[in-house]
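Just so we're on the same page: letters track the sequence lines, and every chain starts at 1.
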Amino acid sequence: MQIEKVYEPQRFEPHWAQWWINSNIFRASPENPGRVFSLVIPPPNVTGVLHIGHMLEHTEIDVTVRWHRMLGDNTLWLPGTDHAGIATQMVVARQLKEEGVNYRDLGREKFEERVWQWKGQSGDTIKRQMIRLGASCDWSRERFTLDPGLSRAVREVFVGLYEKGLLYRGEYMVNWCPNCLTALSDLEVTHAETAGHLWHIAYPVNGMPGRFLTVATTRPETMLGDTAVAINAKDARYLDLHGKTVQLPLMNRELPIILDDLADPTFGTGVVKVTPAHDLNDFEAGKRHNLPKIQVIDDHGRTTAAAGVYANLDRFEARRRVVAALEASGALVKIEDYKLNVGRCDRCKTVVEPLISTQWFVKTKPLAEKAIAVVESGEIGFVPANWTKTYYEWMYNIRDWCISRQLWWGHRIPAWHCGECKEIIVARETPTTCPRCGSGELKQDTDVLDTWFSSGLWPFSTLGWPDQTADLAKYYPTTLLITGFDILFFWVARMVMMGCEFMGEIPFKTVYIHGLVRDADRQKMSKTKGNVIDPLVVTEKYGTDAVRMALLQGAAPGTDIVLTEERMESSRAFANKIWNAARFLFMNAGDGPATPSEPTIEDRWIVSRLNAAAETANRAIEQYRYHEVAQELWKFFWHEFCDWYLELKKVSATGWGNAVAAFETALRLLHPAMPFLTEELWQRLERKPGDPSSIALAAYPQFNPALADPEAEREIAVVQEVVTLARTLRTEARLDPKQQLQGVLYGRTGAMAIAQRHADAIQKIARVTLEFLSEEAPKAAVMRSTVDFDMVLDIPQVQEDPARKQKEREQLEKNIANSKRQLTDEVFLSKAPAKVVDSIRAKLADYEAQLAKMA
RNA sequence: GGGCGCGUAGCUCAGUUGGUUAGAGCGCCUGCUUCACACGCAGGAGGUCACAGGUUCGAGUCCUGUCGCGCCCACCA
């Protein structure tokens, strides 16, 4: 059979990618036999293309999924995408802006049309990319969070929560993005320590000339909306002022002095200005003391009419003016440098403004209780386990979830407002009349839901819920979730809460949390840094299998993945190695099915090694130890199959059918990690009748105790030592001809002992060495012949090197002394396991034998 | 303020319940191309496992502390 000399993945990867899809071999069916293995994809945002982090995630998923499929499990990997409300809306709004169109002018309907258009393209790109990267999903079950079916699930859950009293609408302080013009959940705000100031402002106490209360604030502009100042009831410094009032500088408003724990006597001046409309703590304090709320900053981040002469300014400009005015009036007592945490919008990085507004909230405590219980009971497990703690940490301190967004792209909130009686109707179906007053003047709430509300339902909404479908019955709960830690709270936690509440059952049994892909300098990849690795680019350059392998090698649980060009290059070399092993076999085996013959010792050995590799690979995949999978496959294929088995086969030059059979097994072992290459080569093999059409459906090699062959393992271990010795002899002899040869022969007494049991081999060593020393044989021939057992010569007599021999003897004596000391140590003997003691005994015997031989 | 993690060869990292001689890839040095593969073969150098204590017959692995680095959560103005 002909096979090209160079491995060119680009020539066959696209073909198999498409073939797998066309032949429907990843199509799942609830009717299929086998244990269930189901997994839903963390739906990528439709905002753009897949990055290398997705490829890592999809590679880990794909390895696991393909493995399960090959085990004969009823396997489903359900793909899909997320509408990603705010992110997508921003992308499309930006596009429109480039066209000179303000999206608000376009109107809601037109804008939505535009986003759907974008979604169509982007979603296709993502699907194409995934197919090209070999993801073995069932595309017939592809879902999108805004699909009609999923939207029905969203309504059902929204109404369900409402009916259970777990949903409420109200006027509260929320995080507001003045740029995105929407409320945000706590999770969508990122806090960062920022250099700022603490301004000390003196508020004169009314009726006590000369007496001031000095407040300290990081946001002086909010003073325009102050409605009180607070002191602590335990703070003796100011207690006499309780009941008095102060005069608010600049605004000339009289403010009460209240007693509240809001004021920490140890911080700043111990006096706090209270601005209930612009600070969460102050908002709470305002409720406790019934303070008026004066909004001085609007939803665009500009000062309102209530700010008096400071009205209609950007909030930061307002700050400058207020500070200047305070300074001019002498009210500004002190400015301290101060580090404070500033919250910014996750999406646009604008400083978030706490604002009072009417929003919808999910009451999370009752949901969290269940979500905690299922992890505590072990129904859901995290891998690595330490994420459990992070999960608890968040769940225990959970706060109500603001789910309404003032956006256009998303699930419209299923609530209607009656124009007559102001009744709010929450319903599954669009109502026609108000149930309270009978009016037909109903308008649907204009807000949409937080995108994570719908993705929280993903594990069951994608399977057909609220209908009781066969898929739902078969594949829920899903078996495994593989995702990143960055969405543990956003998504994983919400799925657990929603699944437990609406399915009455966990959404998945295991959550595997993978790391972050970093560049060669361990840096996070980001567009602004320009260090992103584009999966399509590197895939084209090195081959998909090679990139997958490179990712897997770094994917140790709990660690980040460093991906470098070097790693991908060496993985490509590995793929090429496999390719050429195939080429070698095909050249020798000829066409036709691999007919087995009486196994030689190396045949027995490789079967035994394959068996051991299968044991390790299966266990490693089962435990999500992807780096170990990669390492084992690498070690087995390169350093056992190629370096020893094929080399030995060259010597014996028979039984090629056995070699091809072993290779076929090796391909199956490699397939989950390197699907394209293995499919290509497997298809080129002449297979047994009855084999499936694709290697993806073939059986994954399993450990079989009957295949372990200790005798062959021992035998080949000896051969390996002997050959290694022969190689050493050649090398060292070259460096310093006769002397080195002596040194090696006497220095490696252990290897010599083994070699004596293989006289043929050692004689061959001698022959090769002598040939070299006499320079009778061509150099190349000497170097190339590694295990040429058919030549028999006498073992040469060589002279000893006294100095070296002495050194060796001393080392041996030291080793013997150490071993003896341990073996007479009663504590050691009583506590150390037998295998440790035995290995020391064996070693001692070996040392002593060597010493005796030297004498 | 709370939580999690990391510090092992020149570089990037493995090292699952403690077990005797700590590994891989890349890089480096030496030698080798008709005969599967230079995307290759063989050999080699290179580590007081951050530091200090402790537990143990035995510690890279467990405990305590120190130093350095990273990440997450948090309504101290």
Which heavy-atom pair separates A:Tyr512 from A:Ala556 by the least distance, and what is that distance?
-> OH-C, 4.4 Å
Between A:Arg619 and A:Leu340, which has a closest nucleotide on RNA chain B that is more 5'?
-> A:Arg619
With respect to A:Trp579, which candidate in A:Phe676, A:Phe586, A:Phe637, A:Phe12 satisfies the ring pair (Phe, Tyr, Trp, His ring centres under 6.0 Å) definition?
-> A:Phe12
List the atom of A:Leu488, the atom of A:Tyr391, and the distance in Å for their closest heavy-atom pair.
-> CD2-N, 4.4 Å
Selected nucleotide, minimal atom distance to A:Glu647 side chain, candidates B:C76, B:U12, B:A36 = B:A36
Gap in Å between the two P atoms, one belonging to B:U8 and one to B:U30, rounded = 29 Å
What integer distance in Å separates A:Trp638:CH2 from B:C39:C1'?
-> 7 Å
Would you call A:Glu569 and A:Arg572 a salt bridge, using N to O less than 4.0 angstrom?
-> no
Between A:Glu680 and A:Arg11, is there a salt bridge with N-O shorter than 4.0 Å?
-> no
Determine the Euclidean distance between corresponding C1' atoms of B:C6 and B:C49; express it in Å to zero decimal places.
-> 14 Å
Length of the line joining A:Glu632:CD and B:U16:C1', which is rounded to integer Å = 15 Å
Picking from B:C26, B:C37, B:U12, the nucleotide nearest the side-chain atoms of A:Asn580 would be B:C37
Protein-nucleotide distance (A:Lys577, atom NZ; B:G40, atom C1'), rounded to Å | 6 Å
Which is true for A:Val6 with a 4.0 Å heavy-atom rule: it touches a base, it touches only sugar-phosphate, or it touches nothing?
-> base
Counting heavy atoms from C-beta on, name the nucleotide in B:C39, B:C76, B:G19 closest to the side chain of A:Phe267.
-> B:C76
Minimum-distance nucleotide to A:His627 side chain [options: B:C37, B:A14, B:C75] | B:A14
B:G46 and B:C69, which share atom name P, separated by this distance in whole Å = 32 Å
Base partner of B:C71, which must satisfy Watson-Crick or wobble distances under 3.5 Å = B:G3
Using a 4.0 Å heavy-atom cut-off across all strands, classify A:Val189 as base, sugar-phosphate, or nothing.
-> nothing
Can you check the A:His639 NE2 to B:G23 P distance for me, whole Å?
-> 14 Å
With both distances kept under 3.5 Å, what pairs with B:U56, Watson-Crick or G-U wobble?
-> none
Shortest side-chain distance from A:Leu280, nucleotide among B:C71, B:C75, B:A77 = B:C75
For A:Leu829, report the nucleic acid contact type (base, sugar-phosphate, nothing); a contact means any heavy atom under 4.0 Å.
-> nothing
Donor-acceptor pair under 3.5 Å: do we get one between A:Lys389's side chain and the base of B:C4?
-> no
If only atom types and distance count, is the side chain of A:Asp282 paired as donor or acceptor with the main-chain N or O of A:Thr275 below 3.5 Å?
-> yes
RNA chain B nearest-nucleotide lookup for A:Trp394 and A:Asp560: closer to the 5′ end is A:Asp560
From the options B:A36, B:A77, B:G15, select the nucleotide whose nearest atom is closest to the side chain of A:Tyr338.
-> B:A77
From the candidates B:A14, B:A24, B:A42, the one with an atom nearest any side-chain atom of A:Ala556 is B:A14
Candidates B:G40, B:G19, B:A36 - which lies nearest the side chain of A:Pro833 | B:G19
If we ignore angles and hydrogens, is there a donor and acceptor under 3.5 Å between the side chains of A:Glu565 and A:Tyr542?
-> yes
Mind checking A:Val272 for me? I need base, sugar-phosphate or nothing, with any heavy atom below 4.0 Å counting as a touch.
-> base
Phosphate OP1/OP2 of B:C73: any A:Tyr396 side-chain N/O under 4.0 Å | no
What are the two closest non-hydrogen atoms of A:Thr217 and A:Arg219, and how far apart are they?
-> OG1-N, 3.0 Å
Complementary nucleotide for B:G43 - Watson-Crick or wobble, under 3.5 Å = B:C29
Atom CD of A:Gln623 and atom C1' of B:U17 are separated, to the nearest Å, by 11 Å
Which part of the nucleic acid does A:Asp282 contact within heavy-atom distance under 4.0 Å: base, sugar-phosphate only, or nothing?
-> nothing
Can you tell me, in whole Å, how much space there is between the P of B:C32 and that of B:G18?
-> 49 Å
Take A:Trp634 and A:Phe574 through the ring pair (Phe, Tyr, Trp, His ring centres under 6.0 Å) test and state the conclusion after the steps.
-> CA-CA 8 Å; A:Trp634 190 293; A:Phe574 179 60; 4.5 Å; yes
Touch class at under 4.0 angstrom, heavy-atom based, for A:Thr390 against every strand present | nothing
Ignoring backbone atoms, establish whether A:Arg625 has a side-chain N or O less than 4.0 Å from OP1 or OP2 of B:A14.
-> no
Take atom P in B:G5 and the same atom in B:A77, then report the distance between them in whole Å.
-> 28 Å
Taking atom P in both B:G53 and B:A14, compute the distance separating them and give it to the nearest angstrom.
-> 28 Å
To the nearest angstrom, how far is A:Phe489 atom CZ from B:G3 atom P?
-> 14 Å
Within the pair A:Thr559 and B:A14, is there a side-chain N or O less than 4.0 Å away from OP1 or OP2?
-> yes
May I have the distance from A:Phe584 (atom CZ) to B:C41 (atom P), rounded to whole angstrom?
-> 13 Å
Measure from the side-chain heavy atoms of A:Phe828 and tell me the nearest of B:A36, B:C75, B:C57.
-> B:C57
For nucleotides B:C28 and B:G70, find the distance between their P atoms and express it as a whole number of Å.
-> 31 Å
Between C1' of B:C41 and CZ of A:Phe574, the distance in whole Å = 17 Å
Of the candidates B:G5, B:C71, B:A77, the side chain of A:Asn386 sits closest to B:G5
When all nucleic acid strands are considered with a 4.0 Å heavy-atom cut-off, which category describes A:Gly515: base, sugar-phosphate, or nothing?
-> nothing
Pick base, sugar-phosphate or nothing for A:Lys635, based on heavy-atom distances below 4.0 Å to the nucleic acid.
-> nothing
Using the C1' atoms only, state how far B:G19 lies from B:G58, rounded to an integer number of Å.
-> 7 Å
Determine the contact category for A:Ala263: base if any of its heavy atoms lies under 4.0 Å from a base atom, sugar-phosphate if only primed atoms, P, OP1 or OP2 are that close, otherwise nothing.
-> base
